[in-house]
*Asks:* 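A single structure is presented below for examination.
Sequence positions, counted from 1, serve as the residue numbers for this chain.
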Amino acid sequence: MNIVQIEEVVKNLVTSTASGEFIQSDFIFELLLAYGHRKQSVTRLKTGERNLARDEVDTVLWKRNLYFKVDKNSELHGVIDDMQKEKVVNRHKIRFVIVTDFETFLAIDTKTGDSLDIEFKDLAKKFDFFLPWAGMEKAVYQGENPADVKAAEKLAKLFDEIKADSFDSSTANDPAKLHELNVFLSRLLFCFFAEDTNIFADNQFSDAIASHTNEDGSDLANYLKRLFTVLNQSEAERPGLPDYLSDFPYVNGGLFKDDIQVPTFSHKSRKILIECGVELDWSDINPDIFGSMFQAVVHTEQRSNMGQHYTSVPNIMKVIEPLFLNDLYEELDKHQDSQKKLLELQERIGKIKIFDPACGSGNFLIIAYKELRKLEMEVLKRLQELEYEKSGQAFQPFSVIKLSQFYGIEIDDFAHEVAILSLWLTEHQMNVAFKDEFGESLPTLPLKNGGNIVSGNATRRDWNEVCSILHESENYILGNPPYLGSKLQSKEQKSDLLECFKDSSIKPKTLDYIFCWFFKANKYIKDSNNSAFAFVSTNSAFQGEQVSSMARTLSYNGNHIFFAHSSFKWTNNARKNAGVTCVIVGSESSLRKSKKTIYSDLNILKASNINTYLIDSRDILVTKRNKPLSNFPRMNFGNMPNDGGGLILSPDEKEDLLRVSSELSKVIKPLVGASEFIRGSKRFCLWIEDKDAEWVLKFPQILQKVEKTKLHRLNSKDASCNALATRSHQFRDMNVASASQIIVPRVTSENRVYIPIGYLGNDSIISDSAMAVYDPEPWLFSVLTSRIHMKWVEIVGGKLETRLRYSATVIYNTFPFPNLSVTQKEALNNSALNILSVRENYSDKTLAQLYDEEKMPNELRNTHEENDKLVESCYRKSPFESDEERLEYLFNLYEKMIAEEQANA
């Protein structure tokens with residue numbers, strides 16, 4: 001569930017409990033369900049199977065999750081203090097301690113130390129306190145020196161010192177040297193983590209360096225080189241070693257296999273190295289953000305964001321849940337009472353392959369690994385319960401999930417090394433969780449294969465060589481590949497696109513870089529009846545003119561979309577970053593027949609078909625047109641000057657000319673483009689019709705500007721521009737309105753709910769940075785400024801960078817709108833005038849200010865919302881419940897109108 005849904009459910013739960021609609025004894029179980037806990041698990045808690053409390057009437061004790069009491073007879077602050085001190089809190093690693101009498105509500109987060117002391121009725125206002133239950137764990141805390149940040153900053157200092165000591169100008173960018181440094185850093189990170197998490201003895205690594213190397217650092221490189229060799233040796237291979245080396249356990253796993261050049265150390269760098277181990281508690285480091293944060297250590301340009309990383313668990317879950325996790329949990333729920341089926345499910349989990357072909361520092365693989373281990377633990381807990389019910393004997397659980405089931409490709413060398421390391425650390429953490437639950441687990445050391453993570457360019461690699469796929473394989477490809485528009489791509493990336501699509505009829509010249517991953521994933525799964533992929537993508541790849549290419553990319557081998565998540569902000573990095581607007585798209589081969597689902601931040605919709613616009617409709621492609629599909633007047637580009645600046649006037653230039661002669665006011669007009677209209681800036685132009693040319697050109701000041709325009713046109717390489725030199729006193733286009741005109745900016749911010757559209761008189765000239773409709777009826781303004789038209793703009797129009805782009809051929813001419821009755825036109829006319837009238841009430845503000853989402857006056861917002869309802873009532877009587885429903889209706893109407901047009905042709 002997303003936070004909007006959670007807040008709403010908690011609000012209803014509190015209201016229902018207070019009113020008596022829910023019995024109070026059910027409250028805590030309903031609260032757990034609100035945060036996405038599995039229904040089967042909560043049911044078993046409710047029946048007492050998993051409630052560890054002695055008093056099950058008023059108390060719930062659930063391992064790792066909560067310790068909850070209802071107490072209507074005691075002073076609650078004293079009760080919660082006593083509860084927090086009980087041994088069961090530490091023994092069972094309880095996250096939240098809660099007590100209530102349904103008047104007051106107290107809670108403590110044992111991980112962060114935060115507390116809640118509120119009236120019960122206000123719980124919904126503080127619903128975010130329990131978001132860790134939903135996997136929404138913030139990795140940056142407001143306290144002083146959080147562990148992740150402090151560790152990264154300390155390591156950055158160490159990196160800078162090491163590089164200064166060991167690199168000169170000739171080796172600073174040597175790939176081989178940098179690779180060895182990356183491997184060295186990953187080994188250090190492992191050792192720091194190991195000595196704080198019981199993999200090594202406490203502080204074993206740091207103490208050994210402090211006591212067995214010189215303070216000036218002169219022998220530290222040799223010591224570390226020898227230690228790394230030892231860590232790769234089994235006990236049988238260590239005859240005659242001194243205790244301070246032989247006491248280290250055998251690590252294996254390939255981490256210490258390669259012989260690398262250990263960098264030189266100085267007194268200062270040795271001191272920082274020891275401080276990294278002694279002063280920091282590496283057990284608090286969160287592998288979910290481990291990689292992205294420590295990448296800033298070696299990529300110094302990223303250091304400004306150090307300490308601003310959040311776990312991206314909620315966003316990653318939007319990928320892995322519908323891709324495979326929901327299905328696995330459904331299997332668990334369906335076979336709760338069958339040992340045979342549950343064992344088959346565990347066997348299936350142990351054969352799944354997870355592959356991220358743009359894995360970065362491994363976030364997606366880490367979360368997928370964690371979630372599969374959690375699922376397996378649920379399976380094993382149920383098997384234990386069934387075995388005990390059947391025989392009274394204990395079932396000895398064991399995990400079948402291996403890191404070797406996880407595959408990745410990463411082009412950045414350090415990120416590749418960190419991804420391998422992060423998976424090892426995550427495995428250790430999950431082994432600890434397994435031991436907490438079941439009493440024992442496999443030892444962390446010696447390390448097993450640390451995941452099949454390879455370094456390379458995923459657009460050039462054969463994915464089947466990295467992660468083999470067969471007809472019966474259950475492979476899931478996932479991730480967040482790089483998205484770069486064609487203008488932002490390097491020469492190498494453009495070459496990658498050409499290579500990727502060389503055997504396809506799709507022309508990649510203008511495509512986003514992410515198309516490579518969609519195309520290769522589509523080919524990769526085509527022959528597998530159990531495999532699927534899902535990627536996070538920029539939403540622009542599924543809008544505008546790129547949709548046609550994406551449709552062909554995704555259907556190239558007969559594959560189809562089986563789930564999609566509509567646009568949302570991906571904000572897993574910098575706190576100050578508003579985030580990139582993304583979608584998630586899951587695709588499967590034609591051999592699979594999964595249920596189709598469209599997710600949004602507000603709801604979940606079942607779909608019969610998901611097209612490339614990510615809506616529930618047939619596979620329709622909106623194609624550009626030269627005339628409107630609906631009964632609209634023609635829309636034109638605004639007037640292009642093509643003048644080299646000769647015919648454009650600043651306010652000062654306008655005043656200078658009027659001082660020469662007031663008669664020139666007849667040929668000076670306000671020039672209104674997107675910027676002038678939205679931001680209120682002022683420009684003017686010379687608008688000289690042929691009948692005025694003779695007398696106007698007698699003014700030297702005017703003639704000078706016309707000559708400048710003529711020279712610009714004659715010097716152009718464009719023959720059509722050269723031809724315009726014969727009438728250099730005029731714009732290329734000379735379109736004017738008889739009475740009024742609608743102006744539509746060609747590019748506008750995506751952060752506005754409505755495009756600021758204008759209704760101008762005939763005294764202004766609309767420039768080519770905007771579109772124009774000349775002498776329209778007001779009802780058209782009402783339609784174009786509506787929410788439903790805005791949705792069409794967003795989904796069909798495409799974008800310039802992230803800004804919305806409006807065009808006549810792609811948007812206006814394709815927009816489906818029913819024919820209007822006289823009564824409907826009159827109502828829309830009045831609505832248009834109402835919007836314009838309300839704008840006049842705020843004439844001191846620019847349209848940029850009026851249409852700022854956060855600053856839009858309520859009066860204007862309400863007037864627009866009334867207009868939205870009126871416009872939408874022209875389509876059908878019942879209101880639309882969501883934007884997805886609006887778009888589905890529009891696409892169906894578009895298809896119908898196109899068919900009727902073709903039938904009547």
*Asks:* Can you pull the salt bridge (charged side-chain N to carboxylate O under 4.0 Å, His left out) pairs that have at least one residue in residues 225-234, sequence neighbours excluded?
*Replies:* Lys225-Asp259
*Asks:* Please list, chain by chain and in numerical order, all residues satisfying ring pair (Phe, Tyr, Trp, His ring centres under 6.0 Å) with Tyr476, sequence neighbours excluded.
*Replies:* Phe324
*Asks:* Considering only NZ, NE, NH1 and NH2 on the basic side and carboxylate oxygens on the acidic side, decide whether Asp327 and Arg348 come within less than 4.0 Å.
*Replies:* yes
*Asks:* Give the minimum heavy-atom separation between Asn315 and Ile584, together with the two atoms involved.
*Replies:*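 Asn315 and Ile584 have their closest heavy atoms at O-CD1, 4.2 Å.
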*Asks:* Heavy atoms, side chains only, cut-off 4.5 Å: are Trp517 and Trp463 in contact?
*Replies:*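 They are in side-chain contact.
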*Asks:* side-chain hydrogen bond (donor to acceptor under 3.5 Å, both in side chains) with Gln405: which residues, sequence neighbours excluded?
*Replies:* none
*Asks:* Measure the CG-CZ distance between Leu447 and Phe256 for me, rounded to the nearest 0.5 Å.
*Replies:*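 The CG atom of Leu447 sits 8.0 Å away from the CZ atom of Phe256.
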*Asks:* Give the minimum heavy-atom separation between Ile453 and Phe406, together with the two atoms involved.
*Replies:* CD1-O, 4.4 Å
*Asks:* Which residues pass the side-chain hydrogen bond (donor to acceptor under 3.5 Å, both in side chains) test with Lys435, not counting sequence neighbours?
*Replies:* none
*Asks:* List in chain and number order the residues that pass side-chain contact (heavy atoms from CB on, under 4.5 Å) with Thr197, two or more places apart in sequence or in another chain; answer none if no residue qualifies.
*Replies:*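 Counting only residues at least two positions away or on another chain, Thr197 forms a side-chain contact (heavy atoms from CB on, under 4.5 Å) with Phe193, Ile199, Ser283, His428.
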*Asks:* What pairs with Lys353 under side-chain hydrogen bond (donor to acceptor under 3.5 Å, both in side chains), at least two apart in sequence or on another chain?
*Replies:* Ser468
*Asks:* Measure across Ser589 and Ser528 and return the closest heavy-atom pair with its distance rounded to 0.1 Å.
*Replies:* OG-O, 2.8 Å
*Asks:* Is any side-chain heavy atom of Ile401 closer than 4.5 Å to one of Ile349?
*Replies:* yes
*Asks:* Using the six-membered ring of Phe568, assess whether NZ or CZ of Lys318 lies under 6.0 Å from its centre and within 45 degrees of the ring axis.
*Replies:*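 Geometry flag: set, cation within 6.0 Å and 45°.
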*Asks:* Could you pull out all residues at least two apart from Phe248 that satisfy ring pair (Phe, Tyr, Trp, His ring centres under 6.0 Å)?
*Replies:* Phe200
*Asks:* Using side-chain hydrogen bond (donor to acceptor under 3.5 Å, both in side chains) as the criterion, list what pairs up with Lys402, not counting sequence neighbours.
*Replies:*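 If we apply the side-chain hydrogen bond (donor to acceptor under 3.5 Å, both in side chains) test to Lys402, skipping adjacent residues, there are no hits.
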*Asks:* Would you call Glu275-Lys154 a salt bridge at under 4.0 Å N-O?
*Replies:*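 Salt bridge: yes.
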*Asks:* Using the ring-ring contact (aromatic ring centres under 6.0 Å, His included) definition, which of the options Tyr524, Phe364, Phe533 pairs with Phe355?
*Replies:*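 Among the candidates, only Tyr524 passes.
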*Asks:* Return the minimal non-hydrogen interatomic distance between Asn559 and Glu588, and the atom names on each side.
*Replies:* CB-O, 3.2 Å
*Asks:* Identify the two heavy atoms, one from Gly360 and one from Glu410, that lie closest to each other, and give their separation to 0.1 Å.
*Replies:* N-OE1, 2.7 Å
*Asks:* Could you tell me if the side chain of Val466 sits less than 4.5 Å from the side chain of Asn452, heavy atoms only?
*Replies:* no
*Asks:* Would you please name every residue forming a ring pair (Phe, Tyr, Trp, His ring centres under 6.0 Å) with Phe518, sequence neighbours left out?
*Replies:* Phe535, Phe542
*Asks:* Heavy atoms, side chains only, cut-off 4.5 Å: are Ile525 and Ile477 in contact?
*Replies:* yes
*Asks:* Does Cys516 reach the side chain of Leu497, with side-chain heavy atoms less than 4.5 Å apart?
*Replies:*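 Of all side-chain heavy-atom pairs linking Leu497 with Cys516, at least one is under 4.5 Å.
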*Asks:* Taking salt bridge (charged side-chain N to carboxylate O under 4.0 Å, His left out) as the cut-off, I'd like each qualifying pair that reaches into residues 180-205, sequence neighbours left out, listed once.
*Replies:* none
*Asks:* Under a 4.5 Å cut-off applied to non-hydrogen side-chain atoms, are Pro508 and Leu498 in contact?
*Replies:* yes
*Asks:* Which residues pass the salt bridge (Lys or Arg N to Asp or Glu O under 4.0 Å) test with Lys374, not counting sequence neighbours?
*Replies:*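 Glu371.
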*Asks:* Quick one: list whatever passes ring pair (Phe, Tyr, Trp, His ring centres under 6.0 Å) with Tyr483, sequence neighbours left out.
*Replies:*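 Applying ring pair (Phe, Tyr, Trp, His ring centres under 6.0 Å) to Tyr483 gives none.
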